[in-house]
Amino acid sequence: MSGIYIHIPFCKKACHYCDFHFSTSFKYKGEMIKALHNEILIRKDELKNEKIESIYFGGGTPSLLSTSDINSLILSIHDNYNVLDSVEVTLEANPDDLTEQKIVELSNSRVNRLSIGVQSFFKQDLVLMNRSHTVSYTHLRAHETLRYL
């Protein structure tokens, strides 16, 4: 069994602890999505004898993508690889990206697992790390997310 990791290199701001490649400019987001579609197609033969059991959107902050962008990438993987019906599709998300509308959209997509980057429930930690969400916002989003599970 195999998995596919898709790195989404966009962030609202730089967290002080992060060593991953990212950009706070969304200027080339459309080109990046096209490049990901091309790479999915180009590399399909590398896993032609494998069953895909996991698709993981990491980053950066994949939850900054529109649900339609996420769905189009998932569909492209399904079109080009042997994907299990029970595939786990994980999306890393920051709490401040999980609006009620976004949660509803994701619950109607093929994403079936969220990895929510809370990092801390202490204000001083969030400020030190330069996180974009607050403690109260994190608690609110956690409760809203649970309603749709």
Side-chain angles (χ1 to χ4, degrees), residues 1-15 17-120 126 129-134 136-149:
M1 300 284 181
S2 293
I4 294 177
Y5 173 83
I6 298 180
H7 184 77
I8 306 299
F10 302 110
C11 293
K12 287 181 187 172
K13 61 193 241 178
C15 297
Y17 59 85
C18 184
D19 288 331
F20 294 103
H21 172 75
F22 70 92
S23 174
T24 56
S25 170
F26 297 86
K27 182 178 178 180
Y28 298 107
K29 182 186 79 90
E31 290 178 41
M32 179 68 182
I33 298 297
K34 286 179 189 176
L36 287 169
H37 281 285
N38 287 336
E39 185 158 353
I40 289 167
L41 180 62
I42 289 168
R43 298 182 71 157
K44 71 180 184 178
D45 289 336
E46 293 177 26
L47 298 173
K48 66 181 172 186
N49 297 320
E50 297 286 330
K51 292 184 180 191
I52 304 301
E53 65 178 340
S54 173
I55 301 169
Y56 192 97
F57 290 88
T61 313
S63 55
L64 291 174
L65 293 183
S66 69
T67 305
S68 63
D69 283 338
I70 295 163
N71 285 336
S72 73
L73 290 166
I74 294 169
L75 181 60
S76 186
I77 291 169
H78 276 267
D79 287 346
N80 290 287
Y81 296 85
N82 184 8
V83 180
L84 293 177
D85 290 337
S86 61
V87 64
E88 179 180 275
V89 181
T90 302
L91 179 81
E92 287 182 357
N94 282 342
D96 50 316
D97 296 332
L98 295 176
T99 63
E100 186 171 353
Q101 178 182 342
K102 182 77 163 198
I103 293 166
V104 170
E105 289 174 3
L106 289 171
S107 71
N108 292 316
S109 75
R110 290 185 172 177
V111 172
N112 53 29
R113 182 174 178 266
L114 293 176
S115 176
I116 303 174
V118 173
Q119 271 63 39
S120 180
L126 295 172
M129 290 184 276
N130 199 37
R131 296 292 289 167
S132 58
H133 61 88
T134 64
S136 59
Y137 196 87
T138 301
H139 285 285
L140 173 67
R141 290 297 173 235
H143 290 291
E144 287 182 1
T145 302
L146 290 173
R147 285 192 318 193
Y148 294 96
L149 299 178

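All values derive from a computational prediction rather than experimental measurement.
Nearest heavy atoms, Gly58 versus Pro62: O-CG, 3.2 Å. Scanning all heavy atoms of the two residues, the minimum distance from Ile4 to Ile77 falls at CD1-CG2, 3.8 Å. In this structure, Met32 and Pro9 approach most closely via the heavy-atom pair CE-CD, 3.6 Å.
Considering OG of Ser63 and CD of Glu92, their distance stands at 8.5 Å, rounded to 0.5 Å. For the atom pair CD1 of Ile33 and CG of Asp69, the computed distance is 4.5 Å after rounding to the nearest 0.5 Å. Here the CD1 atom belonging to Ile55 is positioned 8.5 Å from the CZ atom belonging to Arg110, to the nearest 0.5 angstrom. Rounding to the nearest 0.5 angstrom, the gap separating the OG atom in Ser109 from the CD1 atom in Ile70 is 7.0 Å. With rounding to the nearest 0.5 Å, the separation of CG in Leu106 from CG in Leu91 is 6.0 Å. The structure places CG of Asn82 at 9.5 Å from CD of Glu50, a figure rounded to the nearest 0.5 Å.
A salt bridge does not link Lys102 to Glu105: none of the charged side-chain nitrogens sits closer than 4.0 Å to a carboxylate oxygen. For the pair Asp79 and Lys44, the salt-bridge criterion is not met [side-chain N within less than 4.0 Å of a carboxylate O].
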Exercise. Given Leu84 and Ile52, is the side-chain contact (heavy atoms from CB on, under 4.5 Å) satisfied, shown in steps?
Worked result: CA-CA 6 Å; Leu84 293 177; Ile52 304 301; over 6 Å; no
Exercise. Checking side-chain contact (heavy atoms from CB on, under 4.5 Å) for the pair Val87/His78: CA distance, chi angles, key distance, verdict?
Worked result: CA-CA 10 Å; Val87 64; His78 276 267; 4.2 Å; yes
For this session: Quick one: do Tyr56 and Glu88 satisfy side-chain contact (heavy atoms from CB on, under 4.5 Å)? Show the steps, please.
Result: CA-CA 8 Å; Tyr56 192 97; Glu88 179 180 275; 5.8 Å; no
Exercise. Does the pair Leu36 and Ile8 meet the rule for a side-chain contact (heavy atoms from CB on, under 4.5 Å), with working shown?
Worked result: CA-CA 9 Å; Leu36 287 169; Ile8 306 299; 3.8 Å; yes
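Between Arg113 and Val89, every side-chain heavy-atom pair lies at or beyond the 4.5 Å cut-off. Using a 4.5 Å heavy-atom threshold, the side chains of Ile103 and Thr99 count as separate. Here the side chains of His37 and Ser72 are in contact, with some heavy-atom distance below 4.5 Å.
A distance-only check finds no donor-acceptor pair linking the side chain of Asn80 to the backbone of Leu41 [under 3.5 Å]. In this structure a side-chain-to-backbone donor-acceptor pair under 3.5 Å is present from Tyr81 to Ile40.
The environment of Arg43 atom CZ is sparse: at most 12 non-hydrogen atoms of other residues, nucleotides or ligands sit within 6.0 angstrom.
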